[in-house]
Structures are given as C-alpha cells and as structure tokens.
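Notes follow the structure.
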Amino acid sequence: MTAIRVALLAAAALPLAACATTGNIQHQAAPAVETTPAASATAQSPHDRLFALFAAADEAMLKLNPIAAISRGDLRYADRLSDALTPEYNAALKANAQSNLAALEAIDRASLNPTDQIAWDVFAYNQRQALKGLTPERLALTEVRPVDHFFGFHTFYPTFSSGKGAAPFKTVKDYENAMSRHREYAKLTDRAIAKFREGMASGVLETRLTIANVISQLDTQIALPAEQSPFWGPITAFPADFSAADKARLTEEYRASLAEVYAANTRLRDFLKAEYLPLARTTVGLSQMKGGTELYAAMIENSTTLPLTANYLHELGLNEVARIRQGMEQVKEEVGFKGTLAQFFDFIRTDPQFKPKSREALTQGYYEIGRTVDALVPQYFSVVPKTPLEIRPYEPFRERFQAGGSYEAGTPDGSRPGVFYFNAYDLPSRTTPGMTTLYLHEGAPGHHFQISLARENEALPAFMRFGGNTAYAEGWALYAETLGYEMGLFKDPYQRQGTLDDEMLRAMRLVVDTGIHAKGWSREKAIDYMLANSAMGRTDATAEVERYIAIPTQALAYKVGALKIQELRKKAETALGSRFDIRAFHDQVLSTGALPLPVLEAKIDRWIAQQRS
C-alpha cells in the first residue's frame, strides 16, 4: 500500500470490499510518544506503562491522521486531512515507530498478564511492519504510485464528504471544517501528481489499465455539476437550527470550496491523460515493474502475516480450486443438470431464475437474509455487536468500479451504523445464488461482528480496537461464510452452489493474484481462468481481476486467514471433544481484535490448554 492509501484510506473508511477492506486493512505507524521521567516510569506497573504507551502513541497517530480520528467521532483535528506524500510525514512516521519500539522493549513482557502480552506482541508487530514500509527503497516503489481506481482518495472523498459518510454536518463548525478539508484535498491531489512525476523519472510506473480507470472515474465526477454531486448533500440537509444567514453564507462558501476540489480533480485527470498514460506500463503484473518482484514478496508477508512464497500460494490455490470443483460437480448432479460444469456455470449466469428482478427486489432480498441470520446468531455467538447494521446499495456514482459488496464500519458508540453495501450495477450480469454468502461475509457475522466487537471493546488499546490486518479480517469473514452450512442456510442446492462459487472466488484469487504478479499472466488470461472455474459473470470477473492488478496480495489473505481459523477450530474440537463450545471459541477469536495469525494461533493454543486443565 502506498503512503496515501495507508494514511488516509485504511484508517478511515474500511471498505473491505468483497472484499475491499475501508477495509483493505493495513497497519499505520503509530507516532512517537513523549518519554516519561525514569522515576515516574518505575513507579508505574508494567500494565500501566504499557497502556500509557499505547494511549500516547494513539493520540499522536490521530494528530497525523485526522481522518482516522473523524472515523471514530473525534473531531479535534477535523479541519485537516493529512500531510501524507511529504518527506516530513514519512520521517515522522519512521521516528515514531522507532520510538514506540524502544519504549515497548523497555517493558518486561514476561511481567504482563496474558491479554497484555497479546497487546505487546501486536503492537511490536505493527511497528516493525510500519518500518519495513518506510524504507527509502520501499517508498521509491510505492509512494510514486499514489492513486489507483480501487483505493484512490478521489473515490473515497466524495462519500466521506456527502453527509452520509464519516464526516459529520451537525454544526456550523462542521461545515467550516469540511471547507477546510476541501482546500487540503486540492493540495493533497497536487502532491499526488508530483509523486507520479517522480515515478515517471525513476521508471517505476503504474499500469495503463489502472490509470485509464482512474481517468474514467475522474471524468464521471468532473461531469457532475457540484449541485448534483455527493458533495452537495450537506447543503441540501442543513440542520433545522441553522439561521437563514448561516445557510446563505455557508452555501456560497461551500460552493467556492468545491470549485477547488473540482479544479484539483481536473488537474489530476488532465495530467494522467496527457502525460502519464502514454508512459504507463502496458503490462499488469508487479514482476514486470522495476523492483516489483521484491516488492511483491514483501507484500505477501504483509498481507498474510506469514512468510509464504508466491509459488506456495499458487499451488495451494490450484489444490483448493480442484477440491471446490468436486463440490460443484456434486451440486450439478443433485439438481439433475445434464451437461458439463462449464455449461452449468453458463446456466447459472444466464437463466432468468437467477437474475435480480430489480434494484428494489435485490434490496429486499438482502433485508430478508439479514432477518434470517439475526434469528440464528444466538446459537453461535454469546457476544454480539451493539452497533446496528444497515443494508444499502452502492451509490450510482461509484458502483461501476466497486466489487460485489463491502462493509463500512460504524462508530464505537453506535451513533453511526455499520453498513453492508451491495452492488446493483449492471443487474443483468449479476446472479442471486451468492447473496446469502455475501451477506454472511460483509455483514453478520462477518466483517460487522469482527470490526464492531473490536471497536466496542474499551478494554483493548485503541490500536487493537481500530487497527488490524487483512489475513485476520478477511479470513474471519470467509470463515463466517462457512457457518451458513451449520445454520442450515445452504440446504437449497443452488444456495450451496452460490457459497461454493464464493469460496471458489477466494481460491482462484490465490492462483490469479500470484499468476498476474509472479508468473506473468495477462489480464485476459486471469479473467478467462475465473470464468472457466466459476459461475461469475464477465463484469464481476473483470472487476475482480482489475482489483488484483491495482492492489496486489490483498486478495491472497482471504484463504490464508480462513484456513488458519478453520485449522484452529478443528484443533480445539479435537482436543476438547464434548467440552468444545462454539460460542466460546468464537469469543476467543473475536475478543481481542484482528490479530496477526501467529499471535492468534498462540492465543487459541493457550485457551485450549486452559480448557483441558
């Protein structure tokens, strides 16, 4: 992930999109804390020293990343965006991580209780990962590619500023803060252009495909008059207690500030179209980019939290694809379909019975699935989120380039709900058998449970409540899909085919992501592979492949994380026998936030030992 994506996107929206995780979830470097006098430090208990470090590091992080604060409902820095894409910002992040590690290592881990030891381990992991991403060599490969069509700030910012996103519009000050952020957005966009130019000079270039998509997105936004854009939402919904004078003043000032946003987007679009696109890579894999092979290896470990190789993951994917195909063959036989598996896929892609009848029918279908799952949840979970969950289609302005669904986290106090977004773009290309699985993954008990329970747990330090890693977060969501079998949601063979198809997607990702970025696969080869091994429509398959091109390795984490959680559950069931309680196991997995997989495994091993004693 580039600095702009880490600093602005991961902390803010967590879109975990089918998942794109506001939620590609990446670690941020927590800024340095002020050192405490030696006498004071020795007077504190190890626990108090540890949590003082966490609190001070979190507070400093919020100052550097104001959107992270806004996403929590903390508005102290709400008039700012970020100084990302500057040397000073990177230097601060590096110094902060180094200082945090030094302070952490001064605290005796062995003197801490088991939960605090987990926090110690995760904090250390986060700081070390941050430092790896902040070396000059790594920044020279990442920071010079600051925007893509999947995690570009230009697509996040309109929703964030729409009055329906994380940014509040309840007071006059909220509106003034928004206008200040609009001006900072223009500066940030200009810094992105400068970074692109650095990459042009060094020969580290983004793909032509990705940049063409970004240009298309910018064209769409620029073509909308300000009064018809998502940005205008707050002006159409002034709070009732605003005076007429304030409304008039804010409307004119807000319009002027949006002119700066539009001008910045136009500068970016024109630069990309006229100068960058002709030089952009015609290839799509990282191995075909200068320095890309080494970058891909580092990104695999960052995304999976495990030291895995591209070759290992490619073979794992091929084996999983073969296993899942066997399950699909069984479904085909059960429904009495006469033909090949490929023909069965075509049947599901094209038969009218599997097509959403309308945008509203699709919406109502997800509402019904949500009600069914809610009734079953108490059998599998003893602790559920207090934060409500809403179900919405993507807004038309951004739906074309989004995945099939995503989750946006709510606030810890529940004042803003979590949102499960589904994609209603190009309905004829979409099918209904995967609806249940998508809801289990993005909504409940997938991302909504995992993210909300962590955020609501005030006993955890903030970096564990609000941070995380892709392997755990996406691994949990994929594991949550498999609970549909136990819940009886896949008794209908076509629903079972839908969940196998979604599981196949995650297995194919291992093959396709490594194929693109380590083995030289083309975009077309990757799309054809996905169509040959699933019932995906071409629109979805294309969006998926272009996502892997834009954000390498993120898609690898799903299967890796899910297989680890399934492995740990099987280990617990075998060791505990009749004493195994599925609700207690889920509580252990979810109660301490998104852990690196080695830390999660050590925790479950300790829990099993305690249950047996």
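As a basis for the values below, the full set of heavy atoms in this structure was taken, side chains included, without hydrogen atoms, waters or symmetry mates. In this chain, residues are counted from 1 in sequence order.
- A donor-acceptor pair under 3.5 Å links the side-chain atoms of T411 to the main chain of S415, judged by distance alone.
- Side-chain contact between L316 and L563 is present, with heavy atoms from C-beta onward closer than 4.5 Å.
- Checked by atom type, the side-chain pair T387/E456 shows a donor-acceptor distance below 3.5 Å.
- When only modelled atom types and interatomic distance are considered, Q217 and H154 share a side-chain donor-acceptor pair under 3.5 Å.
- The closest side-chain heavy-atom distance from I582 to R569 is below 4.5 Å.
- H517 places a side-chain N or O within donor-acceptor distance of the main-chain N or O of L286, the cut-off being under 3.5 Å.
- Looking at heavy atoms from C-beta onward, Q450 lies out of side-chain contact with V589 at the 4.5 angstrom threshold.
- For the residue pair H441 and R506, a side-chain donor N or O sits within less than 3.5 Å of a side-chain acceptor on the partner.
- Donor-acceptor pairing under 3.5 Å is lacking for the side chains of E368 and Q364.
- We find that R509 and E544 are joined by a salt bridge, their nearest charged nitrogen and carboxylate oxygen being less than 4.0 Å apart.
- Between N311 and T309, the side chains place no donor N or O within less than 3.5 Å of an acceptor N or O (distance only, hydrogens not considered).
- Between K570 and E567 there is no salt bridge, since no side-chain nitrogen of the basic residue lies less than 4.0 Å from a carboxylate oxygen of the acidic one.
- Side-chain atoms of Q343 come within 3.5 Å of backbone atoms of T340 as a donor-acceptor pair (strictly under, hydrogens ignored).
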- So L341 and M328, side-chain contact (heavy atoms from CB on, under 4.5 Å) or not? Walk me through it. CA-CA 8 Å; L341 192 57; M328 292 175 166; 3.9 Å; yes
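- One finds no salt bridge joining E503 and R496 here, because no Lys/Arg side-chain nitrogen approaches an Asp/Glu carboxylate oxygen to under 4.0 Å.
- Residues R400 and Y394 have side chains that never bring a donor and an acceptor to within less than 3.5 angstrom of each other.
- Proximity of a side-chain donor or acceptor of H448 to a complementary backbone N or O of G418 within less than 3.5 Å is not detected.
- The backbone N or O of A572 lies less than 3.5 Å from no partner atom in the side chain of W607, so there is not a single donor-acceptor pair.
- Residues R323 and E320 meet the side-chain proximity criterion, which asks for heavy atoms closer than 4.5 Å.
- A donor-acceptor pair is defined here as one N or O able to donate and one able to accept, closer than 3.5 Å; such a pair exists between the side chain of S162 and the backbone of T159.
- Distance alone, capped at 3.5 Å, is enough to place a donor-acceptor pair between the R416 side chain and the A409 backbone.
- With S452 contributing its side chain and F449 its backbone, the two residues share no donor-acceptor pair below 3.5 Å.
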- Please assess T210 against T207 for the test side chain to side chain donor-acceptor pair (under 3.5 Å), listing each intermediate value before the final yes or no. CA-CA 5 Å; T210 298; T207 71; 2.7 Å; yes
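- Under the 3.5 Å distance criterion, with hydrogens and angles disregarded, a donor-acceptor pair is assigned to the side chains of T592 and K603.
- Between F420 and Y407, the ring centre distance reaches or exceeds 6.0 Å.
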- Task: Under the side-chain contact (heavy atoms from CB on, under 4.5 Å) rule, what do I608 and F580 come out as? Steps first, then yes or no, please.
- Result: CA-CA 9 Å; I608 292 171; F580 177 78; over 6 Å; no
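- Of the N and O atoms on the side chains of R325 and N533, at least one donor lies less than 3.5 Å from an acceptor on the other residue.
- A donor-acceptor contact closer than 3.5 angstrom links the side chains of T539 and D426.
- Between D502 and E481, some side-chain heavy-atom pair lies under the 4.5 Å cut-off.
- Between F344 and F347, the two ring planes are parallel [angle under 30°; tilted spans 30° to 60°].
- Using a 30° and 60° split on the angle between ring planes, Y485 and F490 fall in the perpendicular class, above 60°.
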- Task: Would you check, one step at a time, whether the test salt bridge (charged side-chain N to carboxylate O under 4.0 Å, His left out) holds for D605 with K571?
- Result: CA-CA 9 Å; D605 286 344; K571 181 191 294 187; 3.0 Å; yes
Which side-chain N or O atoms in residues 433-440 pair as donor and acceptor under 3.5 Å with protein atoms at least two apart or in another chain?
{"from": "T436", "atom 1": "OG1", "to": "Q495", "atom 2": "OE1", "distance (Å)": "3.0"}
{"from": "T437", "atom 1": "OG1", "to": "T499", "atom 2": "OG1", "distance (Å)": "2.9"}

- Task: Please report the C-alpha distance between S534 and M504 in whole Å, then the side-chain angles of each, then the deciding distance to 0.1 Å, and finally whether the side-chain contact (heavy atoms from CB on, under 4.5 Å) criterion is met.
- Result: CA-CA 7 Å; S534 74; M504 177 65 86; 4.2 Å; yes
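- A donor-acceptor pair under 3.5 Å is formed between the side chain of R579 and the backbone N or O of Q611.
- No more than 12 heavy atoms of other residues, nucleotides or ligands lie within 6.0 Å of NZ in K164, so this atom counts as exposed by the packing criterion.
- Checked against a 6.0 Å centroid threshold, the rings of W521 and Y529 count as neighbours.
- The ring pair (Phe, Tyr, Trp, His ring centres under 6.0 Å) search around Y548 returns none, not counting sequence neighbours.
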- Message: With side-chain contact (heavy atoms from CB on, under 4.5 Å) as the criterion, how do I516 and V545 come out once you've worked through the C-alpha distance, each side chain's angles and the decisive distance to 0.1 Å?
- Response: CA-CA 9 Å; I516 290 169; V545 168; 4.1 Å; yes
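- The pair D346-R349 counts as a salt bridge, with a side-chain nitrogen and a carboxylate oxygen less than 4.0 angstrom apart.
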